[in-house]
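Here is the structure we will look at.
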Amino acid sequence: MAEPIERYIPANIEAKWQKKWETDGLYHSDIDKSKKKYYALTMLPYPSGNLHIGHWYAMTPSDAHARFMRMQGYNVMFPMGFDAFGLPAENAAIQRNIHPKEWTYDNIANMRKQLRSMGAMFDWRREAVSADPEYYRWTQWFFVQLFKNDLAYRKMSPVDWCPKCNTTLAREQVWGEDRHCERCHTPVIKKDLNQWFFRITKYADELLNFSTIDWPEPVRILQTNWIGKSEGASVVFKTEQGDPLEVFTTRPDTLWGVTFMVLAPEHPLVKKLTTPDNKAKVEAYVQESVRQTEIQREATDKEKSGVFTGGYAINPVNGERVPVWVADYVLMTYGTGAIMGVPAHDQRDFDFARKFGLDVRVVIQPKDMEELDGASMAQAVPAEGTMVNSGPLTGTPGDEAIHKAIQLIEEKGVGKGAVTYRIRDWLISRQRYWGAPIPVVFCPNCGAVPVPEDQLPVMLPDDVEWRPTGESPLKLHPSWRFTKCPQCGGDAERETDTMDTFMCSSWYHLAYLSPKNPDWPFKQDEYDYWMPVDCYTGGVEHATMHLIYTRFFHKAFRDLGVTKEAEPMLQLRNQGQILGPDGQRMSKSRGNVIDPDEQVRLYGADTVRSYLMFGYRWQVGGPWDPGNIQGSHRWLGRVWTIFLEEGKTAADTTRLDRQLRRRVHQTLRSVTGDFEHFEFNTVVSGLMELLNDMAEIKENGGWNTSAWQEAVDIYLRMMAPVAPHISEELWARLGKPYSIHLQPWPVYDEAAAAEDEIELVIQVNGKMRDKIVLPVGVTEDIAREAALAREAVQKILAGREPRKVIYVPGRLINIVG
RNA sequence: GCCGGAGUGGCGGAAUUGGCAGACGCGCACGACUCAAAAUCGUGUUCCCUCGGGAAUGUGGGUUCGAUUCCCACCUUCGGCACCA
């Protein structure tokens with residue numbers, strides 16, 4: 001009997017190999033034009049202090065996939081960095097009274113260490129940290145380019161303001177029914193501030209085009225809804241004083257059904273339209289609306305409210321005089337902030353009209369309904385039908401009406417076909433300290449002047465009062481704030497707001513190309529070789545934020561000649577979330593946080609990696625199971641002993657060899673496909689199954705034959721992406737050349753995988769009754785005969801002739817009796 | 001209200017194209033090894049049963065020789081949007 005082998009102890013091998021790989025630069029990725037490149041990218045972490053098990057869940061399967069692609073012969077780049085600016089640094093710093101910079105960089109140092117314990121193939125030479133001046137210099141440079149090309153502008157605008165964080169929030173940073181701040185959960189309020197915006201709306205249409213990218217359908221739908229394109233017409237009414245009053249409508253066909261108009265309380269024409277005897281109540285209503293929170297205003301179940309201005313407008317299609325009201329169900333932020341009221345065919349307008357006793361005029365008669373009557377109808381009818389009471393449009397069938405109406409208003413010169421989007425321009429100003437300063441100087445003579453490129457970066461000063469006062473902290477730093485105008489040299493003032501961190505993360509995939517490039521955001525040859533990103537992995541929660549911004553960014557800079565292609569990331573795959581063992585989101589307050597470091601101490605990195613890949617559908621995720629992970633640990637322990645411990649070799653191994661090769665190559669086929677499809681759980685289960693078969697074959701005397709050698713070789717290569725340390729160790733112990741991670745993916749042998757007999761399932765009337773073993777390629781006649789001869793079949797048929805027989809070659813025969 | 005994802009044993013999950021439901025793992029039970037335990041190994045494990053079978057993939061229908069898979073109508077749950085004109 002063989003000597004007992006030492007046990008599998010991950011701690012003895014993992015750190016050792018990590019160090020060697022690092023020393024050898026095993027995962028350095030350099031331009032190599034002889035190979036096809038593969039840029040694999042996983043979303044970079046925010047340096048919150050500790051790596052979360054969620055980071056492992058996102059990153060280690062992505063790493064396994066990147067490793068798989070590398071073994072497939074690609075030159076793979078898989079970089080890592082830190083999204084290092086942002087609010088939490090300030091909040092944490094305020095709590096602990098340490099400088100945000102210190103807090104952030106301490107966290108980064110810690111997280112680097114934790115990231116290394118994953119055994120991932122990150123090329124650390126390419127690390128990028130968005131809070132480094134050499135990084136945000138280029139963030140600012142990108143801003144300047146947008147500014148110079150009229151893609152950045154400043155305007156006074158009401159913004160969502162978090163009173164606790166003392167800052168502006170972007171719309172997508174406001175969550176929930178009570179519209180709270182995503183960070184501190186305080187309900188947000190509105191505030192008017194002068195803010196910088198990027199013209200993302202200019203790219204709205206192009207952002208709707210996903211035809212060149214392989215992104216998950218849910219993300220495409222989320223973005224499509226977020227952009228919210230609606231087509232219709234803009235129509236210009238005239239107030240009685242002669243001011244143009246423009247509305248947007250998706251239903252220009254209902255123009256003859258307009259019985260009133262409604263302005264948003266903030267609409268600039270409200271004041272002018274209001275007659276003296278209505279002034280008091282209109283002003284009261286407007287003030288009340290403005291004071292209300294957005295939640296109160298936007299509650300959809302709220303009864304309609306509003307007041308009559310006393311003013312009238314003229315309907316340009318029929319010259320009718322219609323009353324103009326003010327109501328808060330019309331939003332200043334969408335369309336033109338004014339609507340035409342068509343109560344007969346729009347439920348909201350209908351509710352409003354009934355409440356205030358306004359006319360309801362039917363202009364569409366649907367086919368299958370009895371004749372509508374505006375005075376008595378109980379609800380609006382938005383359906384299609386034949387136009388009635390609509391002047392030149394009367395009699396037009398529903399499907400032509402909109403088109404014809406647009407033609408008509410265009411001929412009359414009172415409007416035109418128009419498109420409106422729900423997406424708004426990207427607000428990037430933050431009244432915070434820990435961000436990239438917006439590189440603009442305000443000069444009394446020259447206005448807003450961008451800081452010249454050769455003076456970048458505008459350094460973020462360290463000596464700042466970063467505790468929140470409601471003002472931008474940089475405003476309180478006089479020697480930084482007051483400067484000279486770069487254009488005229490006169491006294492001037494810096495912009496004291498910093499940029500939204502989504503600006504930093506919009507281009508980090510470019511920073512990785514050459515993180516310390518002195519004269520351009522990236523080295524051109526690196527860009528030309530690596531871009532675009534071939535595979536991007538991360539959470540779906542970024543669908544309407546980062547993932548839309550980075551697409552916009554690329555398109556804008558393509559138009560400015562900086563980037564080349566329209567889309568930065570060709571393939572996107574989303575992972576799900578790991579929840580606490582209680583099925584709830586992990587949080588410190590719930591005490592259900594799983595610490596990856598502790599799991600690594602208990603089981604080793606390979607086990608944690610394997611379990612995260614094996615235990616969940618990657619795109620779904622689920623609760624952490626403290627017991628289940630042991631299955632993955634046992635698997636690795638079994639691989640260890642079965643591969644290292646001597647077994648016995650039978651005299652004749654022909655059958656066992658054939659069987660083993662078949663199973664190895666069948667597994668190779670399925671594992672390869674599963675890796676390609678990001679189905680990591682079946683990658684691991686396939687390997688587990690093969691191991692079970694190998695254990696049995698070894699037990700039966702199939703050990704150490706050439707088929708066995710091949711099996712071990714292929715097995716280790718297949719598991720190398722999943723469990724890189726143990727496979728490297730076993731590879732070395734079995735005397736194979738360093739490193740397994742430089743080996744090509746094994747070659748699939750179809751002949752070896754082929755079965756030479758089939759197990760045919762016999763159904764009678766659709767129910768499984770029996771099975772027979774038949775040679776591969778058996779004819780239907782023989783299969784049929786063999787099946788009908790079976791006792792179980794005969795018994796059920798009881799002498800009857802089968803009415804029909806369905807034969808699925810190699811799989812199944814169904815006898816219908 | 002609208003849009004999207006998910007519902008399969010005690011649990012995580014599997015099931016190329018409509019073709020053996022429950023692979024693999026956890027847990028549990030029994031057994032081996034051990035003075036004992038841990039670790040490890042082996043056997044069994046959807047449910048009901050009169051041991052012939054029968055039922056079962058959220059619910060109810062439908063298409064089909066055959067449905068976890070396709071169609072229709074619902075239910076539960078998670079996420080997004082929500083007076084968007």
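These numbers were taken from a predicted model, which means no experiment stands behind them. Quick note on labels: first sequence line is chain A, next is B, and so on, each numbered from 1.
Contacts of A:Ala353 classified as side-chain contact (heavy atoms from CB on, under 4.5 Å), with partners at least two apart in sequence or in another chain: A:Phe260, A:Pro343, A:Leu358, A:Val360. Applying the ring pair (Phe, Tyr, Trp, His ring centres under 6.0 Å) criterion to A:Tyr715, with sequence neighbours excluded, gives A:Phe643.
Side-chain contact between A:Lys767 and A:Arg769 is present, with heavy atoms from C-beta onward closer than 4.5 Å.
In this structure B:G62 sits in the anti conformation; its chi angle is more than 90° from 0.
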With a 3.5 Å cut-off and sequence neighbours excluded, list the donor-acceptor pairs that the side chains of residues 803-817 of chain A form with protein atoms.
from, atom 1, to, atom 2, distance (Å)
A:Arg803, NH2, A:Gly817, O, 3.4
A:Asn814, OD1, A:Gly766, N, 3.0

Show the distances under 3.5 angstrom between N or O atoms of the protein and N or O atoms of nucleotides 10-12 of chain B.
from, atom 1, to, atom 2, distance (Å)
B:G12, O2', A:Gly615, O, 2.2

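Taking atom P in both B:G53 and B:C70, one finds a spacing of 32 Å when rounded to whole Å. B:C26 and B:U45 have their C1' atoms separated by 13 Å, with the value rounded to a whole Å.
Looking at heavy-atom distances under 4.0 Å, A:Glu759 makes contact with a base. Among the protein residues, A:Arg617 comes within range of the sugar-phosphate backbone only, with heavy atoms under 4.0 Å from sugar or phosphate atoms but none that close to a base.
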Original post:
Using Watson-Crick and G-U wobble pairs with both distances under 3.5 Å, what is the 5'-to-3' dot-bracket string of RNA chain B, with [ ] for crossing pairs and | for pairs outside the strand?
Top reply: (((((((..(((......[....)))((((((.......))))))(((....)))..(((((..]....))))))))))))....

**OP:** Produce a footprint string for nucleotides 75-80 of chain B: one letter per nucleotide, 5' end first; B if the base is under 4.0 Å from any protein heavy atom, S if only the sugar-phosphate is, - if neither.
**Re:** -----S

